[in-house]
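Step one of this worksheet: look at the structure below.
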Amino acid sequence: MKHWKRILSALVITSAVVIIPASPAAAYGTLGCKFSTGTLKWQDATTTSGYATAATNAVEAWNSTSTQFNMNKVTSGANIRVASGNFGATWQGTQFVGITLNTSQENPVTQSCSGGTWDTTMVTWWNDYYTQHYGAVKRQAIMVHELGHALGLAHTAAASGSSCSKVSIMDRAIDGWYDACGFWTPRQDDINGANALY
């Protein structure tokens, strides 16, 4: 009987020292600036019904997540304005399908962040030059990404050949990842980042 007790004790001790690996570090990044409240107002400043529908769907994609903020549509006084415009093949030396700027069309991180809080309306844009021929769902993916920037999320960058399950909506190449993976809503890493901010 004592022999069995020793074996049982050894098993208990052995199982007690099993190391459970820690969760991997968060892949999301933040811009260092966000809105001071989770009660947000957004305004549709798009040019066509195709963009307006994608804007509404992109906002709803964020609103339907398990996050601590909500965006309500208004006609003025918005925290976030969703717009479409033709920036050309490149604008200020940059090629993009979407961009988030302040109301003066400047980089908001360097021009509109005071003490970690946005001090002006953020304007999220589709670049018509590229997106005018995109379908509604691909446009939505682009705007979900840009709204993430307005919320304060930075780019992520999945390695080439990554599995779709490892890619965030905030990936810097979201239009290409949309083509490869077909997602158009925030992913768990994006939600984790938003919850860290709000």
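Residue numbers count from 1 along this sequence. Computed from a predicted model, the values in this text were never measured in an experiment. Atom set for the values below is all heavy atoms of this structure, side chains included, hydrogens, waters and symmetry mates excluded.
In this structure the side chain of Tyr198 reaches within 4.5 angstrom of the side chain of Phe35, judged on heavy atoms. Between Asn127 and Gln95, the closest side-chain pair of non-hydrogen atoms is not below 4.5 Å. Side-chain contact between Lys73 and Asp44 is present, with at least one heavy-atom pair separated by less than 4.5 Å. The shortest side-chain heavy-atom distance between Thr56 and Trp42 falls under the 4.5 Å cut-off. Side-chain contact between Ile169 and Phe183: present, with at least one pair of heavy atoms (C-beta onward) separated by less than 4.5 Å. The closest side-chain heavy-atom distance from Ile191 to Asn195 is below 4.5 Å. Counting only heavy atoms from C-beta outward, the side chains of Trp62 and Leu151 approach each other to under 4.5 Å.
Atoms CG and CD, on Leu197 and Gln68 in that order, are 12.0 Å from each other to the nearest 0.5 Å. Note that the OG1 atom of Thr100 and the CD1 atom of Ile80 stand 8.5 Å from one another [nearest 0.5 Å].
Hydrophobic cluster membership differs between Val123 and Val109, with clusters built from Ile, Leu, Val, Met, Phe, Trp and Tyr side chains linked at under 4.5 angstrom. When hydrophobic clusters are built by joining Ile, Leu, Val, Met, Phe, Trp and Tyr residues whose side-chain heavy atoms come closer than 4.5 Å, directly or via intermediates, Trp126 is not grouped with Ile99. Put simply, Val97 and Val167 are part of the same group of oily side chains (I, L, V, M, F, W, Y) that touch within less than 4.5 Å, one to the next. Tracing side-chain contacts under 4.5 Å through hydrophobic residues (I, L, V, M, F, W, Y), one reaches Leu31 starting from Met170; they form part of the same cluster. One hydrophobic cluster, built from ILVMFWY side chains closer than 4.5 Å, holds both Tyr129 and Met143.
No donor-acceptor distance shorter than 3.5 angstrom exists from the side chain of Thr53 to the backbone of Gly50, with no hydrogens or angles considered. For the pair Asn86 (side chain) and Asp128 (backbone), a donor-acceptor distance under 3.5 Å is absent. Proximity of a side-chain donor or acceptor of Ser104 to a complementary backbone N or O of Glu106 within less than 3.5 Å is not detected.
Remark: Tyr130 OH is packed, more than 12 non-hydrogen atoms of other residues, nucleotides or ligands lying under 6.0 Å away.
For the residue pair Ser114 and Cys33, the shortest heavy atom distance occurs at N-SG, 4.3 Å. For the pair Val82 and Ala55, the tightest heavy-atom approach, listed with the atom from each and the gap, is CG1-CB, 3.6 Å. The two atoms that bring Cys113 and Gly32 nearest to each other are SG-O, 3.7 Å, heavy atoms only. Of all heavy-atom pairs between Cys164 and Ala180, the closest is SG-O, 4.1 Å. In terms of heavy-atom proximity, Ala194 sits nearest to Leu153 at N-CD2, 3.9 Å. Minimum heavy-atom separation, Ala136 to Ala54: O-CB, 3.9 Å.
Using a 30° and 60° split on the angle between ring planes, His149 and His155 fall in the perpendicular class, above 60°. The aromatic rings of Trp91 and Phe96 sit perpendicular, their planes meeting at an angle over 60°, well past the 30° parallel limit.
Listed by first and then second residue, the side chain to side chain donor-acceptor pair (under 3.5 Å) pairs that reach into residues 159-171 are Ser163-Ser165, Ser168-Asp190, Asp171-Trp177, sequence neighbours excluded. Applying the salt bridge (Lys or Arg N to Asp or Glu O under 4.0 Å) test to every pair with at least one member in residues 137-158, sequence neighbours left out, gives these pairs: Lys138-Asp179.
Val59 pairs in a side-chain contact (heavy atoms from CB on, under 4.5 Å) with only one of the listed residues (Val144, Asn70, Asn72, Leu147), which is Leu147.
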Q) What do the steps show when you test Thr103 against Arg81 for side-chain contact (heavy atoms from CB on, under 4.5 Å), and what is the final call? A) CA-CA 9 Å; Thr103 54; Arg81 191 173 301 134; 4.0 Å; yes
Q) Run the side-chain contact (heavy atoms from CB on, under 4.5 Å) check on Ile142 and Ile174 step by step: do they pass? A) CA-CA 7 Å; Ile142 302 302; Ile174 189 55; 4.0 Å; yes
Q: Show your working on side-chain contact (heavy atoms from CB on, under 4.5 Å) between Lys34 and Thr117 and close with a plain yes or no.
A: CA-CA 5 Å; Lys34 65 177 192 157; Thr117 304; 5.6 Å; no
Q.
Between Asn107 and Leu101, does the side-chain contact (heavy atoms from CB on, under 4.5 Å) criterion hold? Intermediate values first, please.
A. CA-CA 5 Å; Asn107 180 337; Leu101 302 168; 5.7 Å; no
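For Ser112, the side chain to side chain contact (heavy atoms under 4.5 Å, CB included) partners at least two apart in sequence or on another chain are Asn102, Pro108, Asp119, Thr120, Met122. When the side chain to side chain contact (heavy atoms under 4.5 Å, CB included) test is applied to Lys41, the partners found at least two apart in sequence or on another chain are Val74, Asn79. Remark: Trp125 pairs with Phe87 by the ring-ring contact (aromatic ring centres under 6.0 Å, His included) rule, at least two apart or across chains.
The other members of the hydrophobic cluster of Tyr178, by chain and number, are Val137, Trp184 (side-chain heavy atoms under 4.5 Å, ILVMFWY only).
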